[in-house]
Amino acid sequence: MEIQENAALIVVDVQKGFEDAYWGRRDNPEAEGNMAALIDRWQGTGRPVVFVRHDSVREGSPLASGEAGNAFKDFVEERRGRGAGPEVLVTKTVNSAFYGEPDLDAWLRGAGIGQVVIVGIQTNMCNETTARMGGNLGYDVVFPLDAMHTFDLAGPFGWTRTAEELTRATAVSLHGGGFARVVTSAQVLSVA
């Protein structure tokens with residue numbers, strides 16, 4: 001695996017609201033440490049970092065604008081603006097970071113970026129949607145699965161899936177479907 005010199009790290013929705021009991025049980029307690037290590041490497045090497053914030057329009061959401069949960073988690077906020085490379089804040093109200101402001105695709109293309117590494121919250125929601133769109137738009141998408149987490153979820157017909165099952169399903173769909181290369185943080189760090 002190769003990580004390009006100008007590969008962008010896209011840090012999706014690492015917000016305090018995801019610490020709320022509203023979401024239920026999560027997986028991967030190591031996610032934040034892996035995210036922090038990747039942000040540090042990107043900033044230390046002067047690579048571009050995209051911080052994405054979800055400004056929920058859903059009533060009662062801990063991620064809504066004006067709510068304390070809308071803020072980035074402390075370890076992310078402490079790192080913003082500290083890198084040697086370009087940085088941008090993208091805000092969105094839907095799952096994909098490519099449907100935010102400013103236009104992520106335009107920002108990446110304007111900087112000549114063809115590879116993105118996606119980390120953040122939630123694995124099977126905004127991370128997966130951003131990865132699928134990135135793949136469809138022609139980006140080389142790298143998806144370090146241990147630098148993200150998700151929550152148990154109930155679906156139709158009384159079906160439920162654990163966070164771990166959803167993470168595996170996302171990994172299989174993205175990797176097997178050719179949308180992204182699913183890897184570990186250690187693999188990325190070893191070549192970045």
Side-chain angles (χ1 to χ4, degrees), residues 3-19 23 31-32 34-58 61-144 147-150 170 174 179-180 185 188 192:
I3 297 297
Q4 298 169 4
E5 287 299 317
N6 71 338
L9 181 68
I10 302 177
V11 183
V12 180
D13 303 349
V14 186
Q15 294 166 253
K16 291 181 178 182
F18 281 117
E19 297 169 354
W23 304 99
E32 285 83 357
N34 291 326
M35 289 180 221
L38 288 163
I39 295 168
D40 289 345
R41 178 64 54 85
W42 251 251
Q43 290 182 324
T45 57
R47 288 183 171 98
V49 180
V50 178
F51 292 100
V52 181
R53 188 183 70 223
H54 190 87
D55 293 341
S56 180
V57 294
R58 182 177 294 172
S61 172
L63 304 176
S65 293
E67 296 293 327
N70 182 259
F72 287 117
K73 291 188 180 195
D74 291 343
F75 80 93
V76 170
E77 190 58 42
E78 291 162 1
R79 286 169 168 81
R80 289 186 59 222
R82 297 192 179 258
E87 180 180 307
V88 67
L89 169 65
V90 173
T91 60
K92 63 183 181 59
T93 60
V94 295
N95 298 98
S96 177
F98 286 99
Y99 284 123
E101 292 294 329
D103 183 308
L104 179 58
D105 184 46
W107 188 84
L108 293 169
R109 291 191 193 284
I113 297 169
Q115 185 181 56
V116 296
V117 179
I118 297 171
V119 303
I121 308 170
Q122 300 181 58
T123 308
N124 59 314
M125 297 289 184
C126 297
N127 293 4
E128 181 175 350
T129 305
T130 299
R132 285 177 180 272
M133 279 199 69
N136 284 170
L137 289 167
Y139 292 95
D140 175 17
V141 180
V142 180
F143 202 79
M148 55 190 75
H149 72 80
T150 194
T170 291
L174 290 178
F179 294 100
S185 295
V188 174

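Sequence positions, counted from 1, serve as the residue numbers for this chain.
- When side chains are defined from C-beta on, Phe75 counts as touching Val14, because their heavy atoms get closer than 4.5 Å.
- Distance CD/Glu67 to CG/Leu63: 9.5 Å, rounded to 0.5 Å.
- Separating the CG atom in Asn127 from the CG atom in Asp13 is a distance of 7.5 Å, to the nearest 0.5 Å.
- With sequence neighbours left out, the side chain to side chain donor-acceptor pair (under 3.5 Å) criterion links Arg53 to Asp55, Asn70.
- Residue Gly17 comes nearest to Trp23 through the heavy atom pair O-NE1, 2.8 Å, listed as atom of the first residue, atom of the second, then distance.
- Checking each of Val116, Ile10, Thr130, Leu89 against Val50 for a side-chain contact (heavy atoms from CB on, under 4.5 Å) leaves exactly one that passes, namely Ile10.
- Counting only distance, with no hydrogens or angles, the side chain of Gln15 and the backbone of His54 share a donor-acceptor pair below 3.5 Å.
- With rounding to the nearest 0.5 angstrom, the OG1 atom of Thr93 is 9.5 Å from the CD atom of Glu101.
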Requested in this report: Evaluate side chain to side chain contact (heavy atoms under 4.5 Å, CB included) for Met133 paired with Tyr139, printing each intermediate quantity in order.
Outcome: CA-CA 9 Å; Met133 279 199 69; Tyr139 292 95; over 6 Å; no

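- The side chain to side chain donor-acceptor pair (under 3.5 Å) check on Glu77 picks up Arg80, with sequence neighbours excluded.
- Remark: the Thr150 side chain and the Asn124 side chain contain an N/O donor-acceptor pair separated by less than 3.5 Å.
- Distance CD/Glu128 to CZ/Phe179: 8.5 Å, rounded to 0.5 Å.
- Going from atom CD1 of Ile39 over to atom CD of Glu78 covers 10.5 Å, rounded to the nearest 0.5 Å.
- Within the 3.5 Å criterion, the main-chain N or O of Ala7 finds a donor-acceptor partner in the side chain of Trp42.
- In this structure, Phe18 and His149 have perpendicular ring planes: the angle between them is above 60°, well past the 30° mark.
- Heavy atoms of other residues, nucleotides or ligands lying less than 6.0 angstrom from CZ of Arg109 number more than 12.
- Without hydrogens or angle criteria, Arg47 side chain to Gln4 main chain gives a donor-acceptor distance under 3.5 Å.
- Side-chain N or O atoms of Arg41 include one that pairs as donor or acceptor with a backbone N or O of Ala192 at under 3.5 Å.
- At least one side-chain heavy atom of Phe51 sits under 4.5 Å from a side-chain heavy atom of Glu87.
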Requested in this report: Please step through side chain to side chain contact (heavy atoms under 4.5 Å, CB included) for the pair Val142 and Val188, ending with a clear verdict.
Outcome: CA-CA 9 Å; Val142 180; Val188 174; 4.0 Å; yes

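- Put simply, the side chain of Gln43 reaches to within 4.5 Å of the side chain of Arg79, judged on heavy atoms.
- Every side-chain contact (heavy atoms from CB on, under 4.5 Å) that Pro48 has, sequence neighbours left out, goes to Ala8, Pro86, Trp107, Ile113.
- Under the side chain to side chain donor-acceptor pair (under 3.5 Å) criterion, Ser56 pairs with Ser61, not counting sequence neighbours.
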Report task. For the pair Val12 and Ile121, evaluate side chain to side chain contact (heavy atoms under 4.5 Å, CB included) and give the outcome as yes or no after the intermediate values. Result -> CA-CA 6 Å; Val12 180; Ile121 308 170; over 6 Å; no

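- The CD atom of Gln115 lies 11.0 Å from the CG atom of Leu9; values are rounded to the nearest 0.5 Å.
- The shortest distance between side-chain heavy atoms of Leu38 and Pro144 falls below 4.5 Å.
- For Asn95, the side-chain contact (heavy atoms from CB on, under 4.5 Å) partners are Met125, Cys126, Thr129, not counting sequence neighbours.
- The side chain to side chain donor-acceptor pair (under 3.5 Å) search around Lys73 returns Glu32, not counting sequence neighbours.
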